[in-house]
Amino acid sequence: MKRSTCDICHFSTKTCVCSYVTSPKLSNQTRIIVLQHPSEVPVAKNTVRLLKLQLSAIEVYVGESPSDFKVPQEIARTYNCGLLYPDPNAINVESISSKSKPVDVLFVLDGTWKKANKIALLNPWLNNLNKITFSQLPENNYSIRKAEQSYSLSTLEACAYFLACYENLEIEPLHHLLAGMIHEQTKFMPDDVKKRYLSEDN
């Protein structure tokens, strides 16, 4: 039997997160463009859905190759864009002057490290974008999905930290929504399983 889905948040009705969404949406000035690997679309614990619920300026494009990202490529040619991605020559978002705003649009790759790297490799046009990274990694609170790397963050946490540093945006609504999703996803777990998920060091 196909499980029922909330028409608003698109999570299962049993794990609906609508009650955790803060209204109105956060008015982020930097446009967020998510390039999402197709394998992430059906993942119940993917955080991009949360970003779409809480941010006013966000677009999601699903695909892997350049032919899937024709609109994002046009955006990249038109605006001052950055790519949130580790690179030796990347700019630390913490060091960007508040008077100098080199990024109007931030591209974010959504997927496991392996899938995100694949998107980066298959799309050489991304090499033309300024790379943005973090010098001080925030704490990973995304406890219900195991991180592949010690420095991994969920897409929501990475975007939230960028917006907090770059725009001084109040990001508590994003963390509240993430915590709400974690609660909903774990509330039906047996206590021993829930304890393992929530105490696991990511």
Participant: For Asp7, does the CG atom sit with more than 12 other heavy atoms under 6.0 Å from it, leaving out its own atoms?
Facilitator: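 Counting neighbours around CG of Asp7, 12 or fewer heavy atoms of other residues, nucleotides or ligands fall under 6.0 Å, so no.
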
Participant: For the residue pair Glu59 and Val34, establish whether any side-chain heavy-atom pair is separated by less than 4.5 Å.
Facilitator: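 SC-SC contact between Glu59 and Val34 ruled out.
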
Participant: Could you state the interatomic distance from OG (Ser56) to CD (Gln29), rounded to the nearest 0.5 Å?
Facilitator: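 Nearest 0.5 Å value for the OG-CD distance: 9.5 Å.
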
Participant: Is there a side-chain contact between Ile32 and Leu51 (heavy atoms, below 4.5 Å)?
Facilitator: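 They are not in side-chain contact.
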
Participant: Looking at Glu40 and Lys115, is any side-chain nitrogen of the basic one under 4.0 Å from a carboxylate oxygen of the acidic one?
Facilitator: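 Answer for the salt bridge query: no.
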
Participant: Hey, are Tyr20 and Glu184 close enough side-chain-wise for a donor-acceptor pair under 3.5 Å?
Facilitator: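 The criterion, which ignores hydrogens and geometry beyond distance, is satisfied for Tyr20 and Glu184.
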
Participant: Measure from the side-chain N and O atoms of Gln73 to the backbone N and O of Phe69, and report whether any donor-acceptor pair falls under 3.5 Å.
Facilitator: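 At least one qualifying donor-acceptor pair exists.
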
Participant: When you compare the side chain of Val108 with that of Cys159, does any pair of heavy atoms fall below 4.5 Å?
Facilitator: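 Cys159 reaches Val108 side chain to side chain.
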
Participant: Are Tyr79 and Glu74 packed together at the side-chain level, in the sense that at least one heavy-atom pair is separated by less than 4.5 angstrom?
Facilitator: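 Contact flag for Tyr79/Glu74 side chains = no.
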
Participant: Measuring from atom CG of Leu83 to atom CG of Leu109, what distance do you get when rounded to the nearest 0.5 angstrom?
Facilitator: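 Between Leu83 CG and Leu109 CG, I get 5.0 Å after rounding to 0.5 Å.
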
Participant: Provide the closest heavy-atom pair for Phe11 versus Thr5 in the form atom of the first, atom of the second, distance.
Facilitator: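 Shortest heavy-atom contact: O-CG2, 3.4 Å.
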
Participant: Nearest 0.5 Å, what's the OH-CD1 distance between Tyr85 and Ile132?
Facilitator: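 CD1 of Ile132 is found 14.5 Å from OH of Tyr85.
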
Participant: Using 0.5 Å steps for rounding, measure from the CG atom of Leu50 to the CG atom of Leu55.
Facilitator: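 Rounded to the nearest 0.5 Å, the CG-CG separation comes to 10.0 Å.
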
Participant: How about Lys25: does its NZ atom have over 12 heavy atoms from other parts shown lying under 6.0 Å from it?
Facilitator: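 Atom NZ in Lys25 is packed in, count exceeds 12.
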
Participant: Looking at side-chain heavy atoms only, is the closest gap between Leu177 and Pro173 below 4.5 Å?
Facilitator: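 Counting from C-beta outward, Leu177 and Pro173 never come under 4.5 Å.
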
Participant: List the atom of Ser4, the atom of Thr13, and the distance in Å for their closest heavy-atom pair.
Facilitator: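 Between these two residues, the closest heavy atoms are OG-OG1, 2.7 Å.
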
Participant: Taking Asn46 for the side chain and Val48 for the main chain, is one N or O donor matched with an acceptor at less than 3.5 Å?
Facilitator: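 Present.
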
Participant: Going from NE2 on His37 to NZ on Lys114, what distance comes out if it is rounded to the nearest 0.5 angstrom?
Facilitator: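 Output value for this atom pair is 9.5 Å.
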
Participant: Are Thr47 and Thr155 linked by a side-chain donor-acceptor pair shorter than 3.5 Å?
Facilitator: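 Their side chains do not contain a donor-acceptor pair, so the 3.5 Å distance test is not met.
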
Participant: Between Ile171 and Ala160, which heavy-atom pair has the shortest distance, and what is it?
Facilitator: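 It is CG2-O, 3.3 Å.
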
Participant: Measure the shortest side-chain to side-chain distance between Lys131 and Asn89 over non-hydrogen atoms and say whether it is less than 4.5 angstrom.
Facilitator: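 Contact flag for Lys131/Asn89 side chains = no.
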
Participant: Is the shortest side-chain heavy-atom distance between Leu106 and Arg31 below 4.5 Å?
Facilitator: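 They are not in side-chain contact.
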
Participant: Does the side chain to side chain donor-acceptor pair (under 3.5 Å) test come out yes or no for Asp110 and Tyr61, once each step is laid out?
Facilitator: CA-CA 10 Å; Asp110 182 58; Tyr61 298 89; over 6 Å; no

Participant: Side-chain contact, heavy-atom cut-off 4.5 Å: Leu169 with Asn28?
Facilitator: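 Counting from C-beta outward, Leu169 and Asn28 do come under 4.5 Å.
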
Participant: Find the distance between OG1 (Thr30) and CG (Asn80) and round it off to the nearest 0.5 Å.
Facilitator: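 Going from the OG1 atom of Thr30 to the CG atom of Asn80 covers 11.0 Å.
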
